[in-house]
Amino acid sequence: MEYNFRDIEKKWQQRWQESGVYRVPNDSPRRKFYVLDMFPYPSGAGLHVGHPLGYIASDIFARYKRLKGFNVLHPMGYDAFGLPAEQYAIEHGVHPAESTARNIATFRSQLDKIGFSFDWDREVRTSDPKYYKWTQWLFLQLFNSWYNRKTNRTEPLDTLIRILESDGNKDHPIPDTQFQIPEYPQVTFTAEAWNSFPETTKQVILMEYRVAYCGFGEVNWCEALGTVLANDEVINGVSERGGYPVEKKRLRQWYLRITEYADRLLQGLETVDFSEAMKEMQSNWIGKSSGAEIDFRIAGHEDDMLKVYTTRPDTIFGVDFMVLAPEHELVQRITTAGQEKEVDKYVSYVKSRSERERMAEKRITGVFTGAYAINPFSERKIPVWISEYVLAGYGTGAIMAVPSGDERDHKFARHFSIPVTNIIGDAYNGTEANPTKDTILSNSGFLDGMVMRDAIDVVISRLEETGAGVRKVHYKIRDAAFSRQRYWGEPFPIRWEDGIAIPLDPSELPLELPFVESYRPGPEGEGPLANIPEWTARRLETNTMPGYAGSSWYFLRYMDPHNDAAFCDRKASDYWQQVDLYVGGTEHAVGHLLYSRMWTKAMYDLGLISFDEPYKKLLNQGMIQGSSRFVYRVRGSGEFVSAGIRDQYETDQLHVDVNIVDGVELDIDAFRKWKPEYENAVFILEDGTRALPGQPAPGKYICGAEVEKMSKSKVNTVNPDHIVEKYGADTFRMYEMFLGPVEMSKPWDTKGIEGVHRFLKKLWRLFFDDSGLIIKEEAATDGELKILHRTIKKLEEDINRFSFNTCVSAFMVCVNELTEVKCHKRAILEPLLICLSPFAPHVAEELWEQAGRTGTVISQQFPEFDASYLTETSKEYPVSVNGKLRTQIRISLDATQDQVQDLVLQHPVVVRWMEDKPLKKLVFVKGKMINVVV
RNA sequence: GCGGGUGUGGCGAAAUUGGUAGACGUAUCAGACUUAGGAUCUGACGCCGCGAGGCAUGGGGGUUCGAGUCCCUCCACCCGCACCA
């Protein structure tokens with residue numbers, strides 16, 4: 001009987017579906033385990049072989065945990081709102097709801113062929129009103145909350161109102177400087193003042209405290225997409241999607257006050273099992289730095305203070321000039337008449353340079369304003385300059401420049417011949433700045449003789465005493481822009497009345513997205529919803545939420561997906577708790593992961609869930625790259641020249657569909673059929689001969705090869721459907737794992753799959769030969785048991801460190817060895833099948849049944865490793881090392897300390913290290929080699 | 001520039017706390033069975049050498065009885081951030 005994977009896989013996928021084996025209960029005496037994949041955005045292109053890599057890894061782990069007796073939650077769903085569906089709608093006139101539904105159907109049928117153990121009863125779609133009802137509800141929770149810095153918690157707005165009524169806001173100043181009501185410029189107010197404010201004023205002030213708030217701010221506006229983007233959606237000044245230019249624009253926007261959570265997001269990283277790289281990316285994004293904010297007086301401008309932020313207040317005596325961002329508000333006021341012309345010229349020069357130009361070429365430019373600041377300690381007069389190297393958006397938009405300690409400041413000083421004060425003695429060589437903190441200060445007034453590192457605190461204390469500055473912790477992270485001027489997203493459950501945002505009552509949710517015919521942007525930077533009369537008549541918010549809204553909490557909805565009374569029953573979230581294993585790509589490091597961590601913390605503070613980190617362990621799968629193939633067309637002709645001899649011609653390199661290339665050899669006939677214009681192509685083959693249309697090719701045409709990102713335009717995508725059709729899902733699953741470590745990126749190579757396929761056929765032959773089923777009932781020998789248990793031991797260890805590629809190798813070794821000793825015994829093969837089932841579930845189930853077992857393999861237990869068969873008897877290996885003869889003794893695993901001692905004593909040990917190291921050390925290394933000089 | 005990671009045969013890779021480097025798989029070559037094979041099986045396969053043997057884990061140095069693994073240093077590649085004060 002042949003290994004007929006097509007029938008087998010069809011049969012078992014159907015059976016699993018009918019019997020609902022992968023349905024998971026929410027109440028179980030078994031321990032829980034939650035394995036989650038980052039849910040896909042259902043794009044129109046469908047899956048290529050790179051997409052399922054993470055899903056296969058997580059499926060293997062979920063199945064393994066199930067075999068270990070856990071109640072495993074392993075769901076899948078779709079992140080279905082977002083820009084691409086809307087762009088597609090604009091271009092093709094298909095409603096996003098329709099194209100999304102169609103794409104989901106394609107995804108689902110592709111996923112189903114691979115044999116995943118998802119509980120599809122728990123599927124979620126973020127664009128489903130039943131789902132986004134709760135996204136809106138959670139938004140209202142954030143809207144109705146504020147961040148109390150005293151308790152360091154998210155709290156309901158009521159607690160703030162009570163505080164304001166009794167104490168004013170002196171203990172709880174407005175969180176940022178965006179105070180927007182010109183009539184009330186005072187940032188602090190008393191209880192009396194608060195109580196006397198009219199309701200509208202109160203509301204405007206409260207908005208400044210809300211966790212989800214609406215305000216005016218500089219946003220990343222993308223004209224081509226007609227919407228604003230979050231900082232993480234902008235890469236090098238262009239949009240992540242589409243690569244369109246992005247500019248700064250001041251617009252009314254919704255925000256999430258993620259900055260208040262910066263410190264907790266940072267600290268939380270320590271409690272969580274993410275890769276170093278991932279933690280680094282997140283903490284860089286948060287960008288915490290600590291230092292001081294210092295006020296410099298300006299000569300002749302008694303009312304103005306020049307505020308700078310520095311991480312190095314210890315260098316205060318080394319300040320030789322100040323630099324303002326050209327956009328800084330003080331520039332106009334302090335510029336002297338003599339410098340006005342120069343300054344204006346410079347400011348317009350800076351404005352003419354785009355963000356991209358600025359980043360592309362970094363020139364040293366700047367202009368003196370004519371004004372002088374005064375050092376708060378030495379009273380020295382310091383010239384104030386403006387320059388584009390100081391960014392308006394960071395810190396206070398102004399710096400104190402210390403050329404002896406900062407390379408940029410130093411270059412600037414040299415360029416404009418500003419004299420440099422040396423405050424670090426020999427550590428400054430006169431030609432280069434030295435940013436050390438570990439040298440002794442000189443020329444520094446009361447700090448002379450102090451180590452810089454220690455001086456930092458001393459200066460800050462002195463600044464605070466004199467009122468010239470304060471200690472300040474600064475974060476790079478900005479509040480997250482939370483609205484999009486787009487159609488295909490969650491509507492905000494907000495109504496506007498006289499400029500006041502009124503939340504809808506929860507009973508009015510979901511606020512459904514109305515059907516539209518046109519996706520044109522509305523007037524004045526508003527979304528398409530502004531074109532709908534019924535919408536604007538109700539004064540509903542016309543923006544929609546961004547893509548990350550629905551994905552910030554989806555892991556909770558899987559726990560209780562059909563609940564219409566709550567986003568997730570508390571009992572369910574208490575049972576399932578955190579995601580134990582979260583599998584996905586690194587591209588979400590600073591977007592989705594940060595947002596969902598923030599939401600989780602807010603929800604925890606508000607008592608909605610019992611944990612404040614969503615993901616316990618994060619596994620980042622690498623990308624599977626495409627292995628592109630090229631043909632070389634001789635320029636100006638229809639002839640194609642083989643890669644090896646293309647240097648003899650002037651050629652153009654063209655991508656060729658990888659599916660019509662075998663390794664690097666082109667299938668010439670398939671190529672001629674590929675596109676009409678190639679129908680009569682002539683090939684100059686590797687050996688110089690020619691292949692003409694209608695004649696058999698006399699030689700081979702060799703293609704060029706290169707590893708690139710897998711994409712349709714490079715015709716290097718490989719569809720998993722084709723692989724599954726040709727080799728089966730089990731082969732596909734095992735091969736994806738066999739390619740290499742999950743975390744690493746690697747190019748797809750269809751050729752290598754044969755080896756894994758051969759392995760499964762070999763396994764099949766252990767049960768079947770020409771005469772049919774061959775399973776022997778006799779007891780297993782020690783040797784056979786050793787083969788089995790060595791495999792199990794390796795699997796146990798490797799699965800738990802997510803080393804799935806070595807697991808596949810272990811299976812191969814095992815089957816090779818069993819074939820060699822012609823072992824067809826039930827006692828060996830059945831445990832092996834159980835081990836194999838997470839990797840190749842279909843074939844495992846089939847063989848299990850063929851062997852006369854009832855029930856599915858997934859209900860069996862994963863056998864425990866039994867060490868007794870692994871013990872090795874002592875062996876001696878003579879080896880020569882450095883010309884001396886040594887004997888290596890392998891000591892058995894269960895050797896006692898005395899036995900080890902005896903072994904060592906049997907040999908005349910002459911090496912000194914034996915005396916140095918106590919015998920305990922030897923016992924510690926039992927099972928390993930010990931070298932003994934004889 | 002800063003931070004993180006990686007570097008082992010023709011290729012993908014293994015080697016878990018330092019202990020027989022290259023398991024497993026591909027590719028290639030040779031052979032067997034075959035009318036034939038793109039089925040199956042066997043063997044060879046890091047480099048030098050006829051051989052015994054020697055040399056090999058990006059380069060150099062160190063610690064150690066012993067280093068792919070630990071330390072120092074240099075180089076290359078990949079990823080992230082990037083005038084962050």
Side-chain angles (χ1 to χ4, degrees), chain A residues 2 235-236 275-285 287-289 291 308-312 315 323 325 358-359 362-364 387-391 393-402 405-409 411-412 435 474-476 586-587 589-590 620 622-623 662-663 734-735 738-741 743-749 751-759 761-762 765 793-794 797-798 800-801 803 805-816 819 875 877-882 884 886 888-890 909-914 916-917 924-925 927-933:
Chain A
E2 279 286 293
I235 315 281
N236 286 333
S275 70
E276 276 314 304
M278 191 58 53
K279 289 184 182 181
E280 272 301 311
M281 273 189 240
Q282 293 205 9
S283 54
N284 282 347
W285 187 260
K288 181 176 182 170
S289 63
V308 301
Y309 176 71
T310 178
T311 55
R312 296 296 302 275
T315 61
V323 188
R358 236 167 124 164
M359 279 190 269
K362 287 170 189 168
R363 303 190 225 159
I364 302 174
S387 171
E388 59 181 332
Y389 87 89
V390 172
L391 306 175
Y394 189 78
T396 62
I399 61 157
M400 55 179 229
V402 183
D406 182 284
E407 196 47 47
R408 288 156 311 166
D409 296 349
K411 284 191 177 134
F412 193 88
H474 190 264
Y475 298 93
K476 245 195 300 193
T586 45
E587 66 272 19
V590 291
N620 295 114
M623 257 202 297
D662 180 18
M734 291 195 90
Y735 183 56
F738 185 70
L739 272 175
E743 302 94 323
M744 241 179 287
S745 291
K746 55 244 155 184
W748 175 263
D749 168 25
K751 281 227 141 172
I753 202 169
E754 301 280 354
V756 175
H757 193 56
R758 267 196 276 271
F759 154 75
K761 285 198 273 193
K762 243 179 193 172
R765 281 200 296 275
K793 177 176 189 275
K794 179 118 181 87
E797 289 166 354
D798 289 357
N800 281 301
R801 61 189 177 102
S803 174
N805 56 328
T806 54
C807 289
V808 179
S809 296
F811 282 123
M812 289 176 170
V813 173
C814 181
V815 166
N816 284 346
T819 307
K875 278 185 195 166
Y877 301 87
V879 254
S880 164
V881 178
N882 296 340
K884 291 180 201 162
R886 293 165 198 277
Q888 294 188 334
I889 307 164
R890 191 187 285 268
V909 179
V910 293
V911 190
R912 209 182 17 232
W913 67 272
M914 282 294 191
D916 295 349
K917 296 185 182 172
F924 177 71
V925 298
K928 293 284 185 187
M929 298 290 191
I930 299 176
N931 286 342
V932 184
V933 173

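Computed from a predicted model, the values in this text were never measured in an experiment. Note on naming: letters A, B, ... go to the chains in the order of the sequence lines (proteins, then strands), and numbering restarts at 1 for each one.
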Exercise. Choose from B:G3, B:C81, B:C83 the nucleotide whose nearest atom is closest to any side-chain atom of A:Glu280.
Key: B:G3
Which whole number of Å gives the distance between the [atom1] atom of [N] and that of [M]?
{"N": "B:G49", "M": "B:U40", "atom1": "C1'", "result": "37 Å"}
{"N": "B:U8", "M": "B:A23", "atom1": "C1'", "result": "13 Å"}
{"N": "B:A30", "M": "B:G18", "atom1": "C1'", "result": "40 Å"}
{"N": "B:A27", "M": "B:U17", "atom1": "P", "result": "32 Å"}
{"N": "B:G9", "M": "B:C79", "atom1": "C1'", "result": "27 Å"}
{"N": "B:A14", "M": "B:U69", "atom1": "C1'", "result": "14 Å"}
{"N": "B:G10", "M": "B:C75", "atom1": "P", "result": "26 Å"}
{"N": "B:G54", "M": "B:G43", "atom1": "C1'", "result": "26 Å"}

To the nearest Å, how far apart are [X] [atom1] and [N] [atom2]?
{"X": "A:Tyr735", "N": "B:G12", "atom1": "OH", "atom2": "P", "value": "11 Å"}
{"X": "A:Met281", "N": "B:C2", "atom1": "CE", "atom2": "P", "value": "19 Å"}
{"X": "A:Glu276", "N": "B:G5", "atom1": "CD", "atom2": "C1'", "value": "11 Å"}
{"X": "A:Glu388", "N": "B:C84", "atom1": "CD", "atom2": "P", "value": "14 Å"}
{"X": "A:Lys476", "N": "B:C81", "atom1": "NZ", "atom2": "C1'", "value": "6 Å"}
{"X": "A:Arg801", "N": "B:U16", "atom1": "CZ", "atom2": "C1'", "value": "5 Å"}
{"X": "A:His757", "N": "B:U26", "atom1": "NE2", "atom2": "C1'", "value": "16 Å"}
{"X": "A:Phe738", "N": "B:U26", "atom1": "CZ", "atom2": "P", "value": "7 Å"}

Does any non-hydrogen side-chain atom of [Y] lie less than 4.5 Å from one of [X]?
{"X": "A:Asp409", "Y": "A:Met400", "answer": "no"}
{"X": "A:Asp406", "Y": "A:Phe412", "answer": "no"}
{"X": "A:Lys476", "Y": "A:Trp285", "answer": "no"}

Practice problem: Could you say whether A:Asp749 or A:Thr311 is positioned toward the 5' end of RNA chain B, judged by the nucleotide with the nearest heavy atom to each? | Solution: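 On the 5' side of the pair lies A:Asp749.
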Quiz item: 5'-most contact on RNA chain B: A:Ser803 or A:Val808, nearest heavy atom basis?
Solution: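 Between the two, 5'-proximity favours A:Ser803.
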N/O (side chain, [X]) to phosphate O (OP1/OP2, [N]) under 4.0 Å:
{"X": "A:Asn805", "N": "B:G12", "result": "no"}
{"X": "A:Asn816", "N": "B:G25", "result": "yes"}
{"X": "A:Tyr394", "N": "B:A85", "result": "yes"}

If only side-chain N and O atoms count, and only distance matters, is there a donor-acceptor pair under 3.5 Å linking [Y] with [X]?
{"X": "A:Asn816", "Y": "A:Lys762", "result": "yes"}
{"X": "A:Ser289", "Y": "A:Tyr309", "result": "yes"}
{"X": "A:Ser803", "Y": "A:Thr806", "result": "yes"}

Do [X] side-chain atoms and [Y] backbone N/O form a donor-acceptor pair below 3.5 Å?
{"X": "A:Arg312", "Y": "A:Pro435", "result": "yes"}
{"X": "A:Glu388", "Y": "A:Ala325", "result": "no"}
{"X": "A:Asn620", "Y": "A:Glu743", "result": "no"}
{"X": "A:Lys746", "Y": "A:Met744", "result": "yes"}

Quiz item: Measuring from A:Tyr389:OH to A:Ile364:CD1, what's the distance to the nearest 0.5 Å?
Solution: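 CD1 of A:Ile364 is found 9.0 Å from OH of A:Tyr389.
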Quiz item: Heavy atoms under 4.0 Å, any strand shown: does A:Glu797 hit a base, just sugar-phosphate, or nothing?
Solution: base
Quiz item: So what does A:Pro747 touch, heavy atoms closer than 4.0 Å: a base, only the sugar-phosphate, or nothing?
Solution: nothing
Quiz item: Syn or anti for B:G9, with syn set at within 90° of 0?
Solution: syn
Quiz item: Which ranges of RNA chain B pair up as stems, where a stem means three or more consecutive Watson-Crick or G-U pairs with both distances under 3.5 Å?
Solution: B:1-7 with B:75-81, B:10-12 with B:24-26, B:28-32 with B:40-44, B:46-48 with B:53-55, B:58-62 with B:70-74
Where do N or O atoms of nucleotides 37-44 of chain B meet protein N or O atoms at under 3.5 Å, pair by pair?
from  : atom 1 : to       : atom 2 : distance (Å)
B:U40 : OP1    : A:Lys761 : NZ     : 3.4
B:U40 : O3'    : A:Arg765 : NH2    : 3.4
B:C41 : OP1    : A:Arg765 : NH2    : 3.1

